[in-house]
> 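Pasting in a structure now, in structure tokens, and then I'll have a few things to ask.
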Amino acid sequence: MNVVSSVFRLESDRGYFAPILDVQYSEKDTGANWLITCGGTRVYLVRTGNNLNMDINDQSADSHFMANRITSALFISGFGLFRASAMGRFFFLDISEDKITVRTHFDLREPLKENEKGLDSSELTDWLIFICQNLLFRRALDDAYMALLNPIEADFYIYRGMEWLLRAGKIGWNDLASDIGYSISDMREFKKMANNDYGQRHGIESGKKVRAVAKGYGCLVADYIYGFTKVRARVDTDFKGIDPTRAAEIVQKALPLVPYP
């Protein structure tokens, strides 16, 4: 893979247009080159290099990182607040005089057929009433929702959700680890990673962050949802709880399969 081209839509709630921007940028550590063209409501990115034979998801992620840099630069230079949404992508797998092999990535979502068999509306009513009546649990559930809505920052939201659960259940970290199904050492490692190692909750000197992977953030949120229901059972004696399989099913139905579409 020598060339990857991505198109992003730029949106501003105030109706601003982005200025014309034409920049070429070289990555010192990889040798890859970027051609960045921006203007109006679009960002066009072309990345070239001899070492782009990587996973397509990695290439997609890199395009998002560059789009984020562009929206940050627009913001700090006074042009306004923009959101960048991926619209399409070309992967040029081979380019020669007589042949061009291209893989397209236009349908950036993987639609799943709706299947409501086995779902119980009474469970929906029960949960709605519970979270309406319990502010701290509502905050904890909001963070699980945000973790799936923003999988790139899932660790941040799940950590904060855990802090809501500590107060909602009037429990300590050891109790929460037990409810989730973690060992004490597992919980300590998660807290260390989130706080110190990968810039999840606090800025760190290295600036290092971990890329989102569906298996990683999916399992994390599923574990959290299971623990969330166990903490509810501590304060709601009428609640029967759910098993880990059900927690996994809930998250699987909501899981963004592509963190960097």
Side-chain angles (χ1 to χ4, degrees), residues 118-120 122-257 259:
L119 296 181
D120 185 353
S122 65
E123 185 176 353
L124 172 62
T125 302
D126 172 67
W127 274 112
L128 178 59
I129 292 174
F130 178 76
I131 62 176
C132 284
Q133 294 175 343
N134 294 272
L135 174 61
L136 297 181
F137 279 97
R138 185 163 80 248
R139 296 286 183 247
L141 191 56
D142 285 346
D143 275 331
Y145 176 89
M146 292 300 295
L148 290 178
L149 196 63
N150 302 278
I152 299 169
E153 303 292 348
D155 288 3
F156 167 80
Y157 288 109
I158 292 303
Y159 197 113
R160 188 173 67 181
M162 290 179 178
E163 292 179 327
W164 287 120
L165 288 179
L166 295 178
R167 288 154 180 78
K170 294 182 173 58
I171 57 177
W173 282 104
N174 291 356
D175 298 314
L176 182 59
S178 176
D179 284 353
I180 292 175
Y182 288 177
S183 67
I184 303 304
S185 60
D186 287 338
M187 182 62 81
R188 288 174 180 165
E189 182 62 26
F190 171 73
K191 293 173 67 177
K192 178 177 178 292
M193 178 192 72
N195 283 319
N196 304 317
D197 292 347
Y198 296 118
Q200 300 295 326
R201 293 186 73 228
H202 305 296
I204 56 176
E205 186 173 351
S206 69
K208 185 177 181 180
K209 295 190 74 172
V210 177
R211 294 189 178 189
V213 178
K215 182 178 180 180
Y217 62 78
C219 291
L220 176 63
V221 179
D223 288 344
Y224 175 80
I225 289 297
Y226 177 64
F228 177 92
T229 61
K230 294 273 283 188
V231 177
R232 175 182 172 178
R234 287 177 177 269
V235 302
D236 181 1
T237 57
D238 294 329
F239 181 64
K240 297 180 180 179
I242 64 174
D243 60 31
T245 300
R246 175 59 178 151
E249 290 173 348
I250 291 170
V251 173
Q252 186 177 27
K253 186 68 178 290
L255 185 69
L257 299 178

> Can you measure from NZ (Lys192) to CD (Gln200) and round to the nearest 0.5 angstrom?
13.0 Å

> If you take all heavy atoms of Val235 and Ala168, which pair is closest and at what distance?
CG1-O, 3.9 Å

> Measure the spacing between CZ of Arg160 and CG of Leu165 and express it to the nearest 0.5 Å.
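With rounding to 0.5 Å, CZ (Arg160) is 12.5 Å from CG (Leu165).
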
> Is any side-chain heavy atom of Ile225 less than 4.5 Å from a side-chain heavy atom of Leu141?
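Heavy-atom side-chain distance check passes, below 4.5 Å.
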
> Contact between Ile184 and Met187 at the side-chain level, heavy atoms closer than 4.5 Å - yes or no?
no

> Any side-chain heavy atom of Ile250 within less than 4.5 Å of one from Ile242?
yes

> Of all the heavy-atom pairs spanning Pro256 and Leu148, show the shortest one and how long it is.
CG-O, 2.8 Å

> Has Asn150 got a side-chain atom pairing as donor or acceptor with Ile152's backbone, closer than 3.5 angstrom?
no

> Checking Ser178 against Asp175: is there a side-chain donor and acceptor pair closer than 3.5 Å?
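Checked: Asp175/Ser178 side chains show no N/O donor-acceptor pair below 3.5 Å.
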
> Check for me whether the distance between the ring centres of Phe228 and Phe137 falls short of 6.0 Å.
yes

> Return the minimal non-hydrogen interatomic distance between Pro259 and Ala212, and the atom names on each side.
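Heavy atoms of Pro259 and Ala212 come nearest at CG-O, 3.6 Å.
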
> For a quick test of reading the model, state the closest non-hydrogen atom pair linking Ala248 to Ala222 and the distance between them.
CA-CB, 4.2 Å

> List for me each residue that meets side-chain hydrogen bond (donor to acceptor under 3.5 Å, both in side chains) alongside Arg201, sequence neighbours excluded, and say none if there are none.
Glu163, Asn195

> Flag the pair Glu123 and Arg246 as a salt bridge only when some basic side-chain nitrogen lies within less than 4.0 angstrom of an acidic carboxylate oxygen.
yes

> Checking Glu153 now: which residues fulfil side-chain hydrogen bond (donor to acceptor under 3.5 Å, both in side chains) with it, not counting sequence neighbours?
Lys209

> Contact between Tyr217 and Leu255 at the side-chain level, heavy atoms closer than 4.5 Å - yes or no?
yes

> For a side-chain contact (heavy atoms from CB on, under 4.5 Å) check, start with the C-alpha distance between Met162 and Trp173, then their side-chain angles and the critical distance, and finish with the verdict.
CA-CA 9 Å; Met162 290 179 178; Trp173 282 104; 3.8 Å; yes

> Quick one: CG on Asp126 to CD1 on Ile129, what's the gap to the nearest 0.5 Å?
7.0 Å

> Go through the structure and list residues passing side-chain contact (heavy atoms from CB on, under 4.5 Å) with Asp179, not counting sequence neighbours.
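Here the qualifying residues are Ile171, Lys230, Val231, Arg234.
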
> Search all heavy atoms of Asp223 against all heavy atoms of Ile180 and return the closest pair with its distance.
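That would be O-CG2, 3.6 Å.
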
> For the OH atom of Tyr182 and the CZ atom of Phe190, what is their distance to the nearest 0.5 Å?
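One finds 6.5 Å between OH of Tyr182 and CZ of Phe190.
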
> Working note: Phe239 + Thr229, criterion side-chain contact (heavy atoms from CB on, under 4.5 Å); need CA distance, chi angles, decisive distance, verdict.
CA-CA 9 Å; Phe239 181 64; Thr229 61; 3.9 Å; yes

> With side chains defined as the heavy atoms from C-beta onward, is the minimum distance between Lys191 and Tyr159 less than 4.5 Å?
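In short, these two side chains touch, coming nearer than 4.5 Å.
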
> Report the distance from atom CD of Glu249 to atom OG1 of Thr245, rounding to the nearest 0.5 Å.
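These two atoms lie 6.5 Å from each other.
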
> Students often mix this up, so state it plainly: with edges at 30° and 60°, are the rings of Trp127 and Phe130 parallel, tilted or perpendicular?
perpendicular

> Can you name the closest pair of heavy atoms from Tyr224 and Ala140 and give their distance?
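Closest approach of Tyr224 to Ala140, heavy atoms only: OH-O, 2.8 Å.
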
> How long is the span from the CG atom in Asp143 to the CH2 atom in Trp164, to the nearest 0.5 Å?
8.0 Å

> Give a yes or no on this: more than 12 heavy atoms of other residues, nucleotides or ligands lie within 6.0 Å of atom CZ of Arg188.
no

